[in-house]
Amino acid sequence: IEIDPFNARAHALLLVTLYRLGWVDAVMQSLRRARDGGIPASHLLAAPRCAQLVDEEARTCRLPLELHQEFMAYLGR
């Protein structure tokens, strides 16, 4: 990501990895970096694992409510 900050796939896979590890603060920091860097949500969702993650979060709401809302506002479909 530092080498190519516009690599949507790298951002998507980082989000998935951090989410699976349960590192909520890092998930949100990564999400904000992608959003603020101008990466469209559709580009992140093109990575199947990221799309699965968004579906999972929509069903289970593992993130705290306020963060869940921010997450879904950017990535929700």
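Please read these numbers as outputs of a predicted model, since none were measured by experiment. What you see below is based on every heavy atom in this structure, not just the backbone, and it leaves out hydrogens, waters and symmetry mates. This chain uses plain numbering: 1 for the first residue, then up along the sequence.
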Are [Y] and [X] linked, directly or through intermediate hydrophobic residues, by side-chain heavy-atom contacts shorter than 4.5 Å (ILVMFWY only)?
X	Y	result
Leu18	Leu75	yes
Leu14	Met28	yes
Leu53	Leu65	no
Leu67	Val16	yes

Listed partners of Arg62 passing salt bridge (charged side-chain N to carboxylate O under 4.0 Å, His left out), at least two apart: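 Counting only residues at least two positions away or on another chain, Arg62 forms a salt bridge (charged side-chain N to carboxylate O under 4.0 Å, His left out) with Glu56.
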At their closest point, which heavy atom of Ala41 faces which heavy atom of Tyr74, and how far apart are they? CB-O, 3.1 Å
If you look at every heavy atom in Tyr19 and Val27, which pair is closest and at what distance?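 Closest pair (atom of Tyr19, atom of Val27, distance): N-CG2, 3.3 Å.
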Decide yes or no for Phe71 and Val54: does some side-chain heavy atom of the first lie under 4.5 Å from some side-chain heavy atom of the second?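 A side-chain contact exists here, since the closest heavy-atom pair is under 4.5 Å.
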Side chains of Thr17 and Trp23, heavy atoms from C-beta outward: is any pair under 4.5 Å? no
Mind listing the side-chain donor-acceptor pairs of residues 42-51 below 3.5 Å, one per line with the distance, residues two or more places apart or on another chain?
none

Residues two or more places apart in sequence or in another chain: which of them pass side-chain contact (heavy atoms from CB on, under 4.5 Å) with Ala58?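 Result, side-chain contact (heavy atoms from CB on, under 4.5 Å) vs Ala58: Met72.
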So His11 and Leu15, side chain to side chain contact (heavy atoms under 4.5 Å, CB included) or not? Walk me through it. CA-CA 6 Å; His11 280 279; Leu15 274 172; 5.7 Å; no
Inter-residue atom distance Arg35.CZ - Ile39.CD1, 0.5 Å rounding: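 Interatomic distance, Arg35 CZ to Ile39 CD1, rounded to 0.5 Å: 12.0 Å.
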Using 0.5 Å steps for rounding, measure from the CZ atom of Arg59 to the CD atom of Glu57. 10.0 Å
Count the heavy atoms belonging to other residues, nucleotides or ligands that lie under 6.0 Å from CZ of Arg20, then report whether that count exceeds 12.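 Above 12, so yes.
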Would you mind listing every salt bridge (charged side-chain N to carboxylate O under 4.0 Å, His left out) that reaches into residues 23-32, with sequence neighbours excluded? Arg32-Glu70
